[in-house]
Amino acid sequence: MEKTWRWFGKNDKITLSSLRQIGVEGIVTSLHDVPNGEIWTLEKILDLKNYIESYGLRWSVVESLPVCEAIKYGGAERDNLIENYIVSLKNLGKAGVKTVCYNFMPVIDWIRTDLSHKWEDGSSSLYFDLVRFAYFDIHILERQAAEKDYSPEVIQKVKKLAATITEVEKDELIDTIIVKTQGFVNGNITEKDKQPVALFKKLLDLYKGIDKEMLRENMRYFLEKIMPVCQKYDIDMCVHPDDPPRAVLGLPRIVTDEKDIEWLLQAVDNQHNGLTFCAGSLSAGIQNDVPLLAEKFASRTKFVHLRSTNILPDGNFIEARHLEGRAHLIDVVRIFEKQIKKSGKNLPMRIDHGRQMLDDSGKGYNPGYSFLGRMHALAQIEGVIAVVQDELK
Ligand code: DNO
């Protein structure tokens, strides 16, 4: 696999020269300064690409070219927005950047409730606590009939939490769920927004009446429109699974498990309609056997995220060490290395999230995207890849 790294552009505190030293080969990034829905010009793409190449690296994957909400809920502006998307893809194709990761999650991208869950050894990782999330849903968003979506045990615990939670904790929860984890990945809500909750509720309203079937049809519509340009420029679109892989906040989610992935690959049965195999996101779904999914979808996987989780009682989950947990990354690596051998085509892989450890704290890295924690995981995975490649000789 090609060793890639998610880098957030020229303002990222982690420099390309450091990445070069730790064995990174390719960069995963986006034009983070272009607002969602606007065209990525060839000029801007080439500027960043040349910058990356001047460090002896290559721009391997775009993550993400964000899909605007109106495309997902099927709003009046969707055709214009898809037109812009197509122009951006064409420009990427002309520049030779041909792997594009995106997602089709309504309103909210990945969800965590704690960004620095302490481990016994002093490091920390990201965490999802269902009771806190339900509290946010029921008491902060005050979503109509939200209680229905949680078990009586969870509701009981939410009541207890409501009696003790402080204002500071409430603010932190809002900041974690809809600001800090979202701003840098999709831009719906950013640190600049003064009233994130009100804004978020407006976004949720856009999906009133949109169920799983409708969201699927909107995804099919989008994919059918963009396939010709992907075909022409040999661009692989790689959808990122929903994280966590389940419906949330009354919103449908359609990339959660084997059936969903099967549906989307068949709905538009074209090699350019591919998958980002995010082992970590999939592993947070109790229904998912990660190596089994890797085996099944290896030929349509165009980009791999390596991370793992452990599911805890109550529907909570924690991001595990990369060689532990439900993702079974050793098996996953073996499956994709075999696929590479079979197809003769290399696959970009990035370490997805790392713990915060040693000198990572206080550096202002985006949540999950520590330097030392990810470097540590990369070294482990590099070892696994070397062993597997040796086995396959
Ligand atoms: C979080 C990421 C996601 C991912 C997008 C891809 O760390 O895994 O935000 O980048 O969903 O579109």
Side-chain angles (χ1 to χ4, degrees), residues 4 6 8-9 27-32 34-40 45 59-75 77-79 81-93 95 97-111 181-188 215-231 233-243 245 251-256 260-261 263-265 267-268 270-278 280-282 297 300-305 347-348 350 352:
T4 69
R6 190 174 198 181
F8 295 99
I27 293 301
V28 175
T29 193
S30 175
L31 293 185
H32 287 283
V34 179
N36 283 7
E38 282 183 22
I39 288 172
W40 286 20
I45 296 168
W59 186 354
S60 310
V61 181
V62 170
E63 180 173 357
S64 299
L65 183 53
V67 177
C68 290
E69 297 303 332
I71 297 178
K72 291 182 263 183
Y73 67 80
E77 326 84 284
R78 85 162 149 183
D79 285 328
L81 290 166
I82 294 177
E83 257 326 297
N84 285 0
Y85 204 96
I86 289 171
V87 177
S88 299
L89 286 176
K90 187 163 85 192
N91 290 338
L92 283 166
V97 184
K98 299 189 174 197
T99 306
V100 176
C101 170
Y102 72 103
N103 72 72
F104 221 78
M105 292 179 248
V107 185
I108 187 161
D109 195 302
W110 63 310
I111 305 174
T181 45
Q182 307 301 307
F184 74 100
V185 292
N186 82 9
N188 265 346
L215 188 63
R216 276 186 168 178
E217 279 320 308
N218 293 344
M219 185 173 187
R220 186 211 300 268
Y221 183 90
F222 166 71
L223 284 170
E224 277 173 353
K225 294 260 179 200
I226 64 169
M227 277 302 112
V229 74
C230 294
Q231 196 85 35
Y233 290 95
D234 194 25
I235 294 173
D236 288 329
M237 291 301 295
C238 322
V239 70
H240 187 285
D242 305 333
D243 180 3
L251 298 163
R253 285 194 158 196
I254 55 172
V255 195
T256 64
D260 282 350
I261 298 172
W263 178 87
L264 79 92
L265 297 179
V268 180
N270 182 320
Q271 265 300 323
H272 297 285
N273 171 26
L275 182 66
T276 294
F277 194 90
C278 180
S281 302
L282 292 167
F297 300 116
R300 293 286 283 272
T301 295
K302 309 290 170 167
F303 180 31
V304 181
H305 284 184
L347 262 177
R350 73 167 175 83
D352 186 29

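Just so you know, these numbers use all the heavy atoms, side chains as well, and skip hydrogens, waters and symmetry mates.
Taken from CG in N36 to CG in N188, the straight-line distance is 6.5 Å, to the nearest 0.5 Å. Atom NZ of K90 and atom SG of C230 lie 13.0 Å apart (nearest 0.5 Å). Atom CG of L31 sits about 7.5 Å away from atom CG of L92, to the nearest 0.5 Å. In this structure, CG in D242 is found 12.0 Å from CD1 in I108, a value given to the nearest 0.5 Å. Interatomic distance, CG of N218 versus CD1 of I71, reported as 10.0 Å (0.5 Å rounding). To the nearest 0.5 Å, atoms CE (M237) and OG1 (T99) are separated by 10.5 Å.
Neither side chain, Y233 nor N91, offers a donor N or O lying under 3.5 Å from an acceptor on the other.
Side-chain contact between H240 and F303: absent, with no pair of heavy atoms (C-beta onward) separated by less than 4.5 Å. Side-chain contact check for W263 versus R220: some heavy-atom pair is nearer than 4.5 Å. You'll find the side chain of I261 reaches within 4.5 Å of the side chain of L282, heavy atoms only. At a threshold of 4.5 Å between non-hydrogen side-chain atoms, the residues K302 and Q271 count as touching. The shortest distance between side-chain heavy atoms of D109 and T181 does not fall below 4.5 Å. Side-chain atoms of L264 and I254, non-hydrogen and from C-beta on, never get closer than 4.5 Å to each other. For the pair Y221 and D79, the minimum side-chain heavy-atom distance is below 4.5 Å. Under the 4.5 Å side-chain criterion, counting only non-hydrogen atoms from C-beta, T276 is not in contact with E63.
Not one N or O on the side chain of E224 forms a donor-acceptor pair closer than 3.5 Å with the backbone of V268. Judged by distance alone, with hydrogens and angles left aside, the side-chain atoms of Y85 form a donor-acceptor pair with the main-chain N or O of L65 at under 3.5 Å. The backbone N or O of N270 lies less than 3.5 Å from a partner atom in the side chain of R300, making a donor-acceptor pair. No donor-acceptor pair closer than 3.5 Å links the side chain of H272 to the backbone N or O of Q231.
Closest non-hydrogen pair, F277 versus T301, comes out as CB-CG2, 3.6 Å. Shortest non-hydrogen contact noted between L251 and P106 is CD1-O, 3.6 Å. Scanning both residues, V34 and W40, for their nearest heavy atoms gives CG1-CD1, 3.8 Å. The nearest pair of heavy atoms linking N273 to L265 is O-CD2, 3.4 Å. In this structure, R253 and I111 approach most closely via the heavy-atom pair NH2-CD1, 3.9 Å. Listed here is the closest heavy atom pair of K72 and M105: NZ-O, 2.8 Å.
Evaluation of the salt bridge (Lys or Arg N to Asp or Glu O under 4.0 Å) rule for E83 yields no partner, not counting sequence neighbours.
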Exercise for the section: Report the C-alpha distance between F8 and T29 in whole Å, list the side-chain angles of each, state the deciding distance to 0.1 Å, and finish with yes or no for side chain to side chain contact (heavy atoms under 4.5 Å, CB included). Expected result: CA-CA 6 Å; F8 295 99; T29 193; 5.6 Å; no
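Using a 4.0 Å cut-off between a side-chain N of Lys or Arg and a carboxylate O of Asp or Glu, R6 and D352 do not qualify as a salt bridge.
Between F184 and W110, the ring-plane angle classifies as perpendicular under the 30° and 60° cut-offs.
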